[in-house]
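All heavy atoms count here, side chains included; hydrogens, waters and symmetry mates do not. Residue numbers start from 1 in every chain, and the chains themselves are labelled A, B, ... in the order their sequence lines are given, proteins ahead of strands.
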Amino acid sequence: MTVRRVLIFAPTAVILFLLQSYFWVPTYEEGTRANPARLHEYITASIGDATVLNPVLSADSASSDIESMVFEGLIDRDEALRFRGRLATSWQIYEEAFFYVNEHVSIPGVGRAGGPAVADLLQRARGRDFPANPKVKASLENIEQIVVIPAREFLVTRRGKEVKGQEKTEVKIRVQAPARIKLVLSQVDQDLFKNLSAILGKAYFASFSGQDDLTIDGEAWQREKPEYAQEILPATEHNPIVVFHLRPGVRFHDGHLFGANDVKFTYEAIMDPKNLSPRIADYEPVKHVEVVDPLTVRIVYNRLYSPALGTWGMGILPEHLLNDEAMQAEALRLGKDPATFSMRESSFNRHPTGCGPFVFQEWKSDQYIVLKRFQDYWEGPPNYERYTYRIVPDLLTQEMEFYAGTIDSYSVRPHQVKRLEDDPKYQSFSGLSFGYTYIGYNMRREPFKDPRVRRALGMAIDVEKIIDFVLYGQGERITGPFVKQTDYYNAGLQPLPYDPQGALTLLEEAGWSRDRDGWLEKDGKKFQFTLITNNGNDLRKAVLAIAQDAWRKIGIDVRTDLLEWSVFIQERVDKGDFDALVLGWRMGIEPDLYQIWHSSQTHPHQLNFVGFQDQEADDLIMKIRQEYDHDRQVAYCHRLHEIIARAQPYTFLYVSKWTAVLDKRIVIRDRDSEGRPVYKQITPTQTGNFTFYFNKWIKLAEVPYLTAEG
Amino acid sequence: MLSFIGRSIVQKTVTLFFVSVVSFLIIHLAPGEPSQVDPLNPKFTPEMVERFQKAFHLDKPLYVQYVYFYRDLFAGRSVSWRDNQSVLAKIWERFLNSLPLFIVGTLITWTLSFPIGIRAAIFRGGLYDRSTTFVAYLLISIPGFFFAYLLIIVVVNSFHVPVIGMETFGLGEAPWPSLFMDRIWHLLLPSVLGATGGIAVLSRYVRAQMLEVEGQDYIRTARAKGLPPEQVHYKHALRNALLPFVTMFGLILPGLIGGSVIIESIFSWPGMGRMAYEAILARDYPVILTVNFVSAVLVLAGTFISDLLYLVVDPRIRL
């Protein structure tokens, strides 16, 4: 019967056809191990795909992985995390400081004085000794040049504040600026004006007000006059200046010569509101970028902000491919409106051109991105010919591909570390991540206002056990808010001991005692609160349960709650509506703690949501972000770390450790003075970064026998 | 007939409108913001968030946003917020990737389910019937990802061939027959996994449907006439049992765009499901809403087609 035959034949045919395809597929053996080209290719995998391959626009880690290969910044950090030159060969940092001559106060020993007289006074003060304050002498010696800027008159227009029901109006302000003194300093000096007041009088800068020098038309704006005066005529101004000397002869992948105009263009692209760059906040303190000559850029800042130097590690864009002309031409080619066409829509973002070690070749969405080496790379071309970035969203699949040899490195999950670390086929690297997990207490609420209570809560939790059992030992304790591998971290501080008895003693001091059922009680009220965290993070969930259990043991009634991420952030964290929470921070190397720890950042939607306030900490935070001298910055950071560790606004729990495994056949190939290849084992840097010398890596056909050195 | 088609098109357009409104509302009522205006990124100042909101029209009232969105969609101008790529181009690319998976999966499901189900019905209560029932329920209850992992590990460890992705990675220059067959091989596992659930369910339906028809009077009559059992089963019973499946054929249309998040993620398959899932995580509204809209259109088109098919195959129905 035909129907029956068809019914049996059809599925058999389909299945046989599908199965026979097996014989056409190369095995892993043929495809990878026996393929000589495979040795010149490095393949790595990522869970997510890149979005935009343009360092000005992207904000995700996959995009920045690729960008770091294709683009190059002016500077980056070396093995010890110090800055080193890349596209810049060297740089200088100095300062121009300004202050308005205040003719309303009399200067001690001189009386009221005009611009030239003040300049003269400062000139004469140099070289004098100030036994009461040696810092004043240092500040004066730092001054290289004193210039008097004569009084002048000018007009400014400002956008008026929006009033309901009215159009935005322009405010015209006539300014009669008094004479100003410009000081050129050989080094940035944040205490300059404080020290100068030893000569000019305590009230000299503080009492200056530009209000009388402004004339504003229109009654309505008079009230805002002090604000405008503050903005247009600030009593003092620091203008730190960075001058970068660029590397000559560096070329983009298309052969175009790199120069100062590209640096200026990259800055302008970030600031252009049309581009909606997520990096705009980093460059907001920049006043302007000047091209001094094709190989020199001068960057002037409008205030002291030391983390700004690090932002020049950002990849530099090629101006000739992205300037207005190029954009207009592309808009016309695509048939789009040239007036609204921006870099965001440009096809550059999927075919980037930079001056990094690898040239972009191909991107297949959600499959792979292929780069090939740049023969004209200024530091010499990398050893690998190709760099392939595969997108493999599933971790188990990644692992299988790694074992099969179609991926060269694999980030090991904590429970696998023990198994893979000692595998003779692989070399493994591990290090601490840049981030920590903590329990934060809402310091606006009772009982968390009392530092003894916060300390006691921390002492009741056995963090070592969390690290051992939740993280499989892949973590370390942390005592404060700085990255543990940097010297900003105060290694002299000891973590809180695990001591439930001590915790009870502390709580007793704070007025809490145990009632008949064993619960802690103060003034008839039970010690009771809710600990929350977000859903979907198993580690935090485990910490939640462990903390609840540990605190119950000393008689605290803790409830827990898991919330969906956006509800957790928007309804609880942003509004400050919580008792205690488990959360983590990811940090950069820069020690700027302003957003998370400064007392001005405690309002809703800001990041100091625990409400930490401390005068000394505030001062230190400001000093750290204004200090350009590394050693002094380190000293401030150590002190700040101590203050925060003492106050325990968080119970700092742990930093997790990452481990990565690589095929053992991958080694470093260098050349000795006679050009012969020298093979070395890959060694991680001080911070655990094993890919630091990536450009020198190569894969050998056999597992090499190498001595530790040479 | 024509009036039925006209009525049905009007009805479906109205339904589509409501679907568009409701899906738009649900997405905007759900907590969370597009990742570009993520308020927890410490580098984001309120001004920047405001500027992004303006660029995405998020500062406008919802009905204005609704009009803007569908205007852009129909003009083919809507772009993804994540990477500024045209949404329709993105969906088309992914659709082409998911299509072979869908075709092979459907082919396996529909060719296998019928013989399995029919045989089970004919030998009802026998060993074969009971064992297929057991296997069917087993396949329905095993989670797909678990099954997928088992299969990958077994195939990779015992046959040493790659199974991940759409093609063997780094195959490079090879003659086109091997490139083609390589693609077929990579289709095999994910489509078999996608089909297992379908086979299990569909073969059960076939069995139930056959049993019902076999119990009818006309089958008994046919047997009583002395027709050979084969003719009774495959001509009289099967044809009548097939009717409901013809209508089901229209309903598989929406599956074209659905894709499977889990299978596609495990096999690194750059398909629709993964794109939609990632768009949801990043709150990429244009992509989510467009996928939603297109699948609503396909669902409605599918029901329409199955109505028409019914009309064609069942002479008892007249409109």
B:Ser265 side chain vs A:Asp394 backbone, donor-acceptor pair below 3.5 Å: no
Mutual orientation of the aromatic rings belonging to B:Phe159 and A:Tyr22 [parallel < 30°, tilted 30-60°, perpendicular > 60°]: perpendicular
Which atoms of A:Glu571 approach chain B - backbone, side chain, both or neither, heavy atom under 4.5 Å: neither
Spacing of NZ belonging to B:Lys90 relative to OG belonging to A:Ser365, to within rounding of 0.5 Å: 7.0 Å
Which atoms of A:Val392 approach chain B - backbone, side chain, both or neither, heavy atom under 4.5 Å: both
More than 12 heavy atoms from other groups under 6.0 Å of NE2 on A:His603: yes
Shortest non-hydrogen separation from B:Pro115 to A:Leu7 and the atoms involved: CG-O, 3.3 Å
Region of B:Pro228 that comes under 4.5 Å of a non-hydrogen atom in chain A: neither
Contact origin within A:Leu395 toward chain B - heavy atom pairs under 4.5 Å: neither
Partner chain A: residue of B:Val79, B:Leu112, B:Ile184 with the largest heavy-atom pair count (under 4.5 Å): B:Ile184
Point-to-point distance, once rounded to the nearest 0.5 Å, from CD1 of B:Ile164 to OG1 of A:Thr406: 8.0 Å
Which portion of A:Arg350 sits near chain B, non-hydrogen atoms under 4.5 angstrom: side chain
Segment of A:Ser346 engaging chain B (4.5 angstrom heavy-atom cut-off): neither
Atom group of B:Val163 that falls short of 4.5 Å from chain A, counting heavy atoms: backbone
Contact class of A:Gln606 relative to chain B, heavy atoms under 4.5 angstrom: neither
Side chain / backbone / both / neither for A:Ile15 at chain B, heavy atoms under 4.5 Å: side chain
Considering all heavy atoms, the nearest A:Pro11-B:Thr111 contact: CG-O, 3.6 Å
A:Tyr594 atom OH: more than 12 heavy-atom contacts under 6.0 Å: yes
Structural part of B:Leu187 lying under 4.5 Å from a heavy atom of chain A: neither
Part of B:Arg94 lying under 4.5 Å from any heavy atom of chain A: side chain
Student check: side-chain heavy atoms of B:Asn97 and A:Asp366 closer than 4.5 Å: no
Greater than 12 external heavy atoms within 6.0 Å of A:Lys274's NZ: yes
Under 4.5 Å from a heavy atom of chain B, the part of A:Phe23 involved: neither
Which atom of B:Ser178 lies closest to which atom of A:Trp24, heavy atoms considered: CA-CE3, 3.6 Å
Separation of A:Leu18 CG from B:Ile108 CD1 (nearest 0.5 Å): 5.0 Å
Pairwise side-chain contact, B:Arg274 with A:Ile391, heavy-atom cut-off 4.5 Å (strictly under): yes
Atom group of A:Glu284 that falls short of 4.5 Å from chain B, counting heavy atoms: neither
Pairwise distance CD(B:Glu278) to OG1(A:Thr51) - rounded to 0.5 angstrom: 11.0 Å
Check: B:Val156 and A:Tyr403 side chains under 4.5 Å, non-hydrogen atoms: no
A:Ile8 CD1 to B:Ile118 CD1 distance, which is reported to the nearest 0.5 Å: 9.5 Å
Atom of A:Glu345, atom of B:Asn84 and distance for their closest heavy-atom approach: CG-ND2, 3.9 Å
Within 6.0 Å of CZ in B:Arg239, more than 12 heavy atoms from elsewhere: no
Interatomic distance, A:Met400 atom CE to B:Ile152 atom CD1 [nearest 0.5 angstrom]: 7.5 Å
Contacting moiety of B:Leu107, where chain A heavy atoms sit under 4.5 Å: side chain
